[in-house]
Amino acid sequence: VSVRWWLKRGWMYVAMVAISIFSLFPIYWVVITSLKPRREIYTRTPDLWPSDPQWGQYPRVLGEGHVGRALMNSVIVAGATTVICLTVGAMAAYALARSRLPARKALLMLVLMTQMFPLVVLVIPLFVMMRKSNLLGTYWSLIITYLAFTVPLAIWVMRSFILSIPEELEHAARIDGATRLGAMVRVVLPLAAPGLAVCAVLSFLEGWKEFLLALTFLNDEQRKTVPVVLQSFVGRGDVDWGAVMATSVLYTLPVALVFVLARKHLMTARTGGAVKG
Amino acid sequence: VSTAVAHRVPRRPALTVVRRAVAKFTLPVLLLLPALVIIVGLVGYPLGRTIYLSFTDTGLGDLIYGGGDWVGLDNYKEVFTNDRLRVALINTVVFGSACVIGTMVFGFAVALLLNQRLKGNLLFSIAVLLPWAVPALAASAIWKWLFDARYGFINWALVELGFDRFQDYAWFASRFSAYVAIFVTVVWQSFPFIALSLLAGLQTLPKETLQAAAVDGASAFQRFRLVTLPLLRPIVVVLVVFSTIWDFKIFDQIYVMASGVPDRAADTMAVAAYREGFALGHYGAGSAAAVVLFGVLLVFSIAYVRLIGREGEL
């Protein structure tokens, strides 16, 4: 291999490998730390490969660490948020995509803007609302408040999917005797299924990752979602890093899987400020 | 249909117009209603309420059933004079901007590299994608472990490389070094999105223009500066505004990673506002701090919405 090749292309391969290591090494390190026995974690000369990988950490955090319970809580909260948000969001998106409502454009801008709001500007009144309605500490406190940012997201993403469905199909259905609602349910909805799937993934991820509101509304150990449990592990004086890493793996794995499988579709939804962080 | 309407319009114009409008808009309005209730009730009302609270001295006892007194602009004076909050505001702007610049520069470099279509490009793109899939809380935990003073991988690696001062170096004991660690975490999490968005933009560039520039003798750097960059400008501007919004309202990573910095000197505005309310019971001052952050972000949000609108998305 010539010097010219190194100057022209070779360094690019070096950069590619370096960037891949930067991306992947932390993930690799989490996984192997979760498999190491205690004495190999707390050592001044860490091994790049666990000499004696053990799964013991996982049943331990799932059981006594309450992580199993927390995963369950996260699934319930994110799942319920997704179902409600899809229903409400798809309806509104249809109205915004198809009708000539006077303030349509202003509404759309409002929807886009609400996604940009920092949650900290809403959290105090939301806390008071939840307290007054006796919902603090329940799943509902999170499910309801998560709609504040998942519904605008769903409207924005669904609308562009509905716009891509030819309106003529609906006209045809209506000429054949379908009502407007019937045309929406029987013609538009099936065609918008991929959009609904993308929305479902996005809103589930939002509910899965949300930390600030969960931290504020949940005190009961039995109801805490995974990010709150993870934070309580890391916030301790002496951190049990093996447990933290096993929890991180369990918390990230489902999301990462969905991400890699749905990556193309998630990118198409990007302009709405849909996914980041 | 149109002729029938034309016949009727002169006879009973007002009633017909109203009736037609009702018929036309009933369904859309009904469909929109639940979403509107959610947006008004869970975003609009709390926002208004926070703005109101920011003008009162609401404390722990007054939060649920009211009772805070109107104090005018006192809380806002506090935001700009109180050390904790003023420092947090400066932190947000300085650290946030550093994250935006770091993410954009690194993301751009990765996008250009992905666009070269080297061997192994598919694996590379999946490697680049993965950090994006890691939730903020998990990413913070992971990097806190990597930067651990005694058993962390990074200190060990730095010492192995001959930088002896990193033996037991406590990254989270001072503001600057904590920010270095959090900066790495934030860039690690957000460069995939930037890189993949820019790559999508790079792939739409007309190849002929770049080839013509190459034929005319432009160097690779000149081609980038004079052809690629101007053509990508709209996407770059949107991404910069978007990143700014995200990095200025950063909460999770700071809450988890900067909690050990003495005097909370590395808190950003979102965390400081949160703590001012929920940890210290100064709900009025906390609201004012949140409103200031909101005001800063509003400027960027309006810019973002206008940029998206100009691109014909609305």
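Within every chain, numbering begins at 1; the chains are lettered A, B, ... in the order of the sequence lines, protein sequences first and strands thereafter.
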Please look at [X] and chain B and tell me whether the side chain, the backbone, both or neither of the residue comes under 4.5 angstrom of a heavy atom of that chain.
| X | value |
| --- | --- |
| I144(A) | both |
| I155(A) | side chain |
| M16(A) | both |
| T247(A) | neither |
| L215(A) | both |
| V123(A) | both |
| L48(A) | side chain |
| T33(A) | side chain |
| R9(A) | side chain |

Counting heavy-atom pairs under 4.5 Å with chain B, which one of [options] comes out on top?
| options | answer |
| --- | --- |
| R180(A), R44(A), R98(A) | R44(A) |
| Y94(A), F149(A), F25(A) | F25(A) |
| V121(A), V88(A), T252(A) | V121(A) |
| L212(A), T43(A), L257(A), V128(A) | L212(A) |
| V239(A), L181(A), I41(A), L253(A) | I41(A) |
| V30(A), I124(A), V17(A) | I124(A) |

Is [X] close to chain A through its backbone or its side chain, or both, or neither, when contacts mean heavy atoms under 4.5 Å?
| X | value |
| --- | --- |
| L113(B) | side chain |
| L27(B) | side chain |
| I142(B) | both |
| W156(B) | side chain |
| L298(B) | side chain |
| I51(B) | neither |
| Y283(B) | both |
| F248(B) | neither |

Return yes if a side-chain donor-acceptor contact under 3.5 Å exists between T244(B) and Y304(B), otherwise no. no

Do Q231(A) and Y255(B) pair up side chain to side chain, a donor and an acceptor below 3.5 Å, judged on atom types alone? no

Pairing residues for K36(A) by the salt bridge (charged side-chain N to carboxylate O under 4.0 Å, His left out) criterion, not counting sequence neighbours: none

Parallel, tilted or perpendicular: ring planes of F117(A) versus F294(B), cut at 30 and 60 degrees: perpendicular

Determine whether more than 12 heavy atoms belonging to other residues, nucleotides or ligands lie under 6.0 Å from atom NZ of K132(A). yes

Identify which one of W188(B), W132(B), W246(B) satisfies the ring pair (Phe, Tyr, Trp, His ring centres under 6.0 Å) criterion when paired with F193(B). W132(B)

For Y45(B), which residues count as a ring-ring contact (aromatic ring centres under 6.0 Å, His included) partner, sequence neighbours excluded? none

